Amino acid sequence: MDEQALLGLNPNADSDFRQRTLAYFEQLKISPDAWQVCAEALAQRTYSDDHVKFFCFQVLEHQVKYKYSELTTVQQQLIRETLVSWLQNISLNGPSFFFFFFDILSVVDLNPRGVDLYLRIRMAIDSELVDRDVVHTSEEARRNTLIKDTVREQCIPNLVESWYQILQNYQYTNSEVTCQCLEVVGTYVSWIDLSFIANDRFINMPLGHMSIEVLREEACDCLFEVVNKGMDSVDKMKLVESLCQVLQSAGFFSVDQVEDVDFLARFSKLVNGMGQSLIVSCSKLIKNGDIKNAQEALQAIETKVALMLQLLIHEDDDISSNIIGFCYDYLRILKQLTVLSDQQKANVEAIMLAVMKKLTYDEEYNFENQGEDEAMFIEYRKRLKLLLDRLAQVSPELLLASVRRVFSSTLQNWQTTRFMEVEVAVRLLYMAEALPVSHGAHFSGDVSNASALQDMIRTLVTSGVSSYQHTSVMFEFFETIVRYEKFFTVEPQHIPRVLMAFLDHRGLRHSSAKVRSRTAYLFCRFVKSLNKQMNPFIEDILNRIQDLLELSPLENGHQSLLSSDDQVFIYETAGVLIVNIYLDCLQTFLPALSCPSQKDILRSGVRTFLHRMIICLAEEVLPFIPSVSEHMLKDCEAKDLQEFIPLINQITAKFKIQVSPFLQQMFMPLLHAIFEVLLQPAEENDQSAALEKQMLWRSYFAFLQTVTGSGMSEVIANQGAENVERVLVTVNQGAVEYPDPIAQKTCFIILSKLVELWGGKDGLVGFADFVYKHIVPACFLAPLKQTFDLADAQTVLALSECAVTLKTIHLKRGPECVQYLQQEYLPSLQVAPEIIQEFCQALQQPDAKVFKNHLKVFFQRTKP
């Protein structure tokens, strides 16, 4: 090897040497036999420098990865022998690396260092083949599957025997190696035949290790993987029971006698796995109709409940948390039973009491500066909440009675009770929402029949516990109040008391910034959910939160009570309250529309107010619109209708389908009012009246455009055939007869939309005939009129919409439309055949712009 090039491997080498080393590495990689030099250097231990050895291994790795298939059998064997030889030397003299299978077995017999190497390789192989966290290509996945299958077929007996020998030889002399071997066994269990492990000879080994203090944690994990392995339900039940018998006889079921918390955490995980495995087996046996064995499985589960309860109630939360899965599944099994035995009822109550106790905060919990421990307890509490939810399904009466007992006894003496007990009492009330009730209605309007839950909420509000001087209690108080906001629709007399708690030093002005922040959000929710009940208190609330609405610039140095994010909720609250004021105003204004004097001023004022309220109040304003419309359509004139129709258009465009029932009801009354005004005679020279009628026509067409453009064409279609035809005729006439290009443009927009909606084969009955008899002629008659000035910009826009209408007709009717134009309609206008042909070709062009341009030229040529 190039000794000078190897100098660049030294960490202190300069850049020139490193560049030379990299170039040498690339040279060795492409050389067909340079790898043999590296293999010889490793086998003969030519170099002692680890950097050089690592360099040689990199060259070999490249050869194996990319050129192994090109090597001869002899060359492949040389690589294998090189690695085995090196491993044997390293196992005696230095650190270990991880490589292959049977070649490594010879190392095991050497010494603890060799065993350590072997076990590390076993873990590395499992990680590469099985670990789901390692991302593999599809080719690598296929390779791994093939290797696993080969290992299962050829290697497992030898591997298992090697593990047994290691455990037997080192269990009393080398705990580190023994634990390492137990870890390997637990890892491989997931993908090998369990019968090699779950037999008397092998399984007794880790069971025996449960009594050796330095081994029992790893033994627990190993046994957990064994019981967690999928297998026949009856076999699994027998396996778990045999393990439990050994563990129980060894005294492990007496948890209070074990002081090692770390071991108990592992043991709790093992018991959880055994319990859940029995439950899975029981469920499968029931599903398969094997009632006898299912009953045995249920009995086996019941015998583990006492141990489960010991672990659940343990003062260490990790131990308790590890058993929650078993508790949850056990309750699921009980829920499926039609009748519970006395013992099962006692078990349910014991779980309930354990959950209530474990929900309690420790004295050391840091509420103001929460760290990792606090975050873990919050997650643990969430899991306990799931247990409580399951308890509510299994025995709602028992849960409610237990919660009520704890809550009532605690709140009677809350002033002298520790904060964590007061907090958990209120917390239990908060969690009691999980109790199943009829249609979700927790509260009844009949006070004499008030539910227990209603009684507890009343006690919460009236007891004065909102004055407890601890942030945890304040958080829970406000959270619970908002969760049960429907209570206040039943007993609104308690609203003032709660509002004061939100607004004073207990809530928005609390000394804790966290309490103020959370209260701002909850107060907003409370007001929004009860906004109808807030009216008597609006002025007082707005006065009390006025200073909280003020923005405090950062540069003035003043510390605001609320952050800018929190203020958003206060602004939203104020907005809800102001909306209520506006709604009250609107309710007051409506009767004024019936006043005979100052009618124009009153109507104009209400219309203007409604325009703005539709933006501010959104759906809140909808209940008032029918009444307003009824008043507006009485004794109205052209100007009244012109100003009223934009309001209807605004409502239609904004709310669309929401106002469909209202539109269907008022559609024809509005049209009757419009036509009544339009048909009123006027003097021939009255320009003012003529202009008013022209503007009303525009408003009428704009209304129809809004209805059709908002997806509300069914409003028109549902008015009856006679009324539908009348509307269509007026629109068609508007497109042709009224010398108003703005109105004509709107009419063509309406017609093209109706053709799009109704012009197909499944469209409105009779509409296809109307298309050919009226709409198609309108598209030609309107532009042919002398008043249709193609030099006017508005008229050109009307022509553009006319083109869209014709294109839409062609789109919906297809060749039938072209045939009608070619053979019937255009010849009736005395249009030359070659021009007809050009016209129909342009109409069939996919580019609409081409047809629009052609249509303008067509009428310029055709117009007399």
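As the structure is a prediction and not an experimental result, all values here were calculated from the model. We number each residue from 1, following the sequence as shown. As a basis for the values below, the full set of heavy atoms in this structure was taken, side chains included, without hydrogen atoms, waters or symmetry mates.
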Nearest non-hydrogen partners of R506 and S466, listed with the distance: NH1-OG, 2.9 Å
message: For R383, is there an ion pair with D317 - N to carboxylate O distance below 4.0 angstrom?
response: no
- prompt: Does the gap between the ring centers of F477 and Y468 come in under 6.0 Å?
  reply: no
query: Which pair of non-hydrogen atoms, one from A653 and one from K656, has the smallest distance, and what is that distance?
result: O-NZ, 2.7 Å
query: Checking R427 against F475: charged group under 6.0 Å from the ring centre and within 45 degrees of the axis?
result: no
- prompt: Is there a donor-acceptor contact under 3.5 Å linking the side chains of D389 and Q393?
  reply: no
message: Could you tell me if the side chain of L460 sits less than 4.5 Å from the side chain of Y484, heavy atoms only?
response: no
message: Tell me if a side-chain donor or acceptor on S710 pairs with a main-chain N or O of V707 at a distance below 3.5 Å.
response: no
- prompt: Are the side chain of E374 and the backbone N or O of G371 linked by a donor-acceptor pair below 3.5 Å?
  reply: yes
query: Judged by atom type as modelled, is there a donor-acceptor pair below 3.5 Å linking the side chain of T489 to the main-chain atoms of K486?
result: yes
task: With salt bridge (charged side-chain N to carboxylate O under 4.0 Å, His left out) as the test, would you mind laying out the steps for E363 and R418 before giving the verdict?
output: CA-CA 10 Å; E363 289 278 6; R418 296 185 307 165; 3.7 Å; yes
task: Look at the side chain of S409 and the backbone N and O of V406, then say whether any donor-acceptor pair between them is shorter than 3.5 Å.
output: yes
field: Polar side chain donor-acceptor pair, Q664 to E714, under 3.5 angstrom
entry: no
Nearest heavy-atom neighbours spanning R607 and M632: CG-CE, 3.4 Å
task: If the plane angle is over 60° it's perpendicular, under 30° parallel, otherwise tilted; pick one for F526 and F502.
output: tilted
query: Charged N to carboxylate O under 4.0 angstrom, E479 versus R518?
result: yes
query: Can you check ring pair (Phe, Tyr, Trp, His ring centres under 6.0 Å) on F407 and Y430, steps first, answer last?
result: CA-CA 11 Å; F407 179 83; Y430 176 88; over 10 Å; no
query: What are the two closest heavy atoms between Q469 and S467, and how far apart are they?
result: NE2-O, 3.1 Å
message: Looking at Q415, I want to see if its CD is surrounded by more than 12 non-hydrogen atoms of other residues, nucleotides or ligands under 6.0 Å.
response: yes
field: Any side-chain donor near an acceptor of the partner, H470 and S472, under 3.5 Å
entry: yes
field: Exam field: side chain Q567 to backbone L548, donor-acceptor pair closer than 3.5 Å
entry: yes
message: Strictly distance-based, threshold 3.5 Å: is any side-chain N or O of N413 a donor or acceptor partner for the main-chain N or O of T416?
response: no
message: Counting the benzene-type ring for Trp, do F703 and F667 have ring centres under 6.0 Å apart?
response: yes
